[in-house]
Participant: 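Got a structure here, written out as structure tokens. Questions coming.
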Amino acid sequence: MSLTCTICKKTSNETDIKRCGKCSETPYCSRECQGTDWKRHKKGCGKPPPRPGSSPPKSVDQGISQPFTNLERGNWLHGRSEKDTYRLLLDAYRLRTEDDYNLEQIVDEDGLYSGNPNSLPGFKRFLDKAEQRPDLLPAWWNAEKRRECEAMGLDESVWQTLTCKIEKSDIIEHYGDGQFPMQLRLFAEAVVQRGPGGQSGATMRKLMADMEQGKMEGMSMAHVDATTGSMRGSS
């Protein structure tokens, strides 16, 4: 297949074309052309394109296919980048604390909802529980990675900061996926061993996983209300 230089448009029929050594994707005919394009190219260099149908479609290094199947199998965080793992652990905890406050008026005395500057102590307890669940965290997780995750939570420049409260609508807007709050809630339930408001999400998790795998004839994700998690048309 003929390659075309991204900048000068020369083809591999005219000159030697090589792809970027970092991402192995973008073609250039020379270092000069690569240097000319670097300001634009560096923003996405090394970052793989989103997989078709991956979730979530934005604000992560890479979404995954069949997320509810992975939740059902207990490996939702496996195969993700370290930064994505940190982001999702933080947001699963942040949304869970919001749900606990809204549904049951449960607040941590050392957290944001009690007027403290951040929710790090509660997040540490959340991680303690996650580490007790067999294979819930990826194999590379260790004490050093945990410290990095906690440090991200205290970084006020990142969206997942533990210094700010969060709502479901914020999650949907940030990640571009109406069903992503459900994923975060189901993961947090696996950590805490209790659903928001005491309601188990096991049935919905299995239903969503079955739909992803084509086991529910005539049903699709479109039949699930992203706001409530219930089936459309049900009471």
Participant: With no hydrogens and no angle check, is any side-chain donor or acceptor of D155 less than 3.5 Å from a backbone partner on S157?
Facilitator: yes
Participant: Is the shortest side-chain N to carboxylate O distance from D100 to R96 below 4.0 Å?
Facilitator: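 Salt bridge between D100 and R96, a charged N being under 4.0 Å from a carboxylate O: yes.
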Participant: Spell out, as yes or no, whether a donor-acceptor pair under 3.5 Å connects the side chain of R94 to the backbone of C164.
Facilitator: yes
Participant: Could you check whether atom NZ of K145 has more than 12 heavy atoms from other residues, nucleotides or ligands sitting under 6.0 Å from it?
Facilitator: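 Yes, NZ of K145 has more than 12 neighbouring heavy atoms, counting only those of other groups under 6.0 Å.
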Participant: Evaluate side-chain contact (heavy atoms from CB on, under 4.5 Å) for T161 paired with L154, printing each intermediate quantity in order.
Facilitator: CA-CA 6 Å; T161 179; L154 292 180; over 6 Å; no
Participant: Partners of R40 by side-chain hydrogen bond (donor to acceptor under 3.5 Å, both in side chains), sequence neighbours excluded?
Facilitator: D37
Participant: Does the distance from a Lys or Arg side-chain N to an Asp or Glu carboxylate O, for R185 and D99, drop under 4.0 Å?
Facilitator: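 A salt bridge is present here (some side-chain N lies under 4.0 Å from a carboxylate O).
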Participant: Report yes or no: is the cationic atom of R80 (NZ for Lys, CZ for Arg) closer than 6.0 Å to the six-membered ring centre of W76, at no more than 45° off its axis?
Facilitator: yes
Participant: Please collect all salt bridge (charged side-chain N to carboxylate O under 4.0 Å, His left out) contacts where either partner lies in residues 131-144, sequence neighbours excluded, each pair once.
Facilitator: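 Checked against salt bridge (charged side-chain N to carboxylate O under 4.0 Å, His left out) - neighbours excluded - the pairs reaching residues 131-144 are E131-R146.
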Participant: Quick one: list whatever passes side-chain hydrogen bond (donor to acceptor under 3.5 Å, both in side chains) with K42, sequence neighbours left out.
Facilitator: none
Participant: Without hydrogens or angle criteria, can the side chains of E212 and T69 be said to hold a donor-acceptor pair below 3.5 Å?
Facilitator: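 Present: a donor and an acceptor within the cut-off.
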Participant: Is the closest side-chain heavy-atom distance between Y93 and L162 below 4.5 Å?
Facilitator: yes
Participant: Please list all pairs passing the salt bridge (charged side-chain N to carboxylate O under 4.0 Å, His left out) test where one or both residues lie in residues 188-198, with sequence neighbours left out.
Facilitator: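 For residues 188-198, and leaving out neighbouring residues, the salt bridge (charged side-chain N to carboxylate O under 4.0 Å, His left out) pairs sorted by first residue read E104-R194.
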Participant: When you look at OH of Y113, are more than 12 heavy atoms from neighbouring residues, nucleotides or ligands closer to it than 6.0 Å?
Facilitator: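 More than 12 heavy atoms, drawn from other residues, nucleotides or ligands, come within 6.0 Å of this atom.
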Participant: Residues in side-chain hydrogen bond (donor to acceptor under 3.5 Å, both in side chains) with T26, at least two apart?
Facilitator: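 By the side-chain hydrogen bond (donor to acceptor under 3.5 Å, both in side chains) rule, T26 matches H41.
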Participant: For E150 and Y86, test the side chains for any donor-to-acceptor distance below 3.5 angstrom and give the result as yes or no.
Facilitator: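 Result is no, nothing qualifies.
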Participant: Taking the six-membered ring of Y28 as reference, does the NZ or CZ atom of K18 fall below 6.0 Å from its centre and within a 45° cone about the axis?
Facilitator: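 Ring-cation test returns no.
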Participant: Which class fits the ring pair Y175 and W159: parallel under 30°, tilted 30 to 60°, perpendicular over 60°?
Facilitator: perpendicular
Participant: Check whether S59 reaches the backbone of H174 with its side chain - one donor and one acceptor, N or O, closer than 3.5 Å.
Facilitator: yes
Participant: Can you name the side-chain hydrogen bond (donor to acceptor under 3.5 Å, both in side chains) partners of K206, sequence neighbours left out?
Facilitator: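 Checked K206 against side-chain hydrogen bond (donor to acceptor under 3.5 Å, both in side chains); matches are D210.
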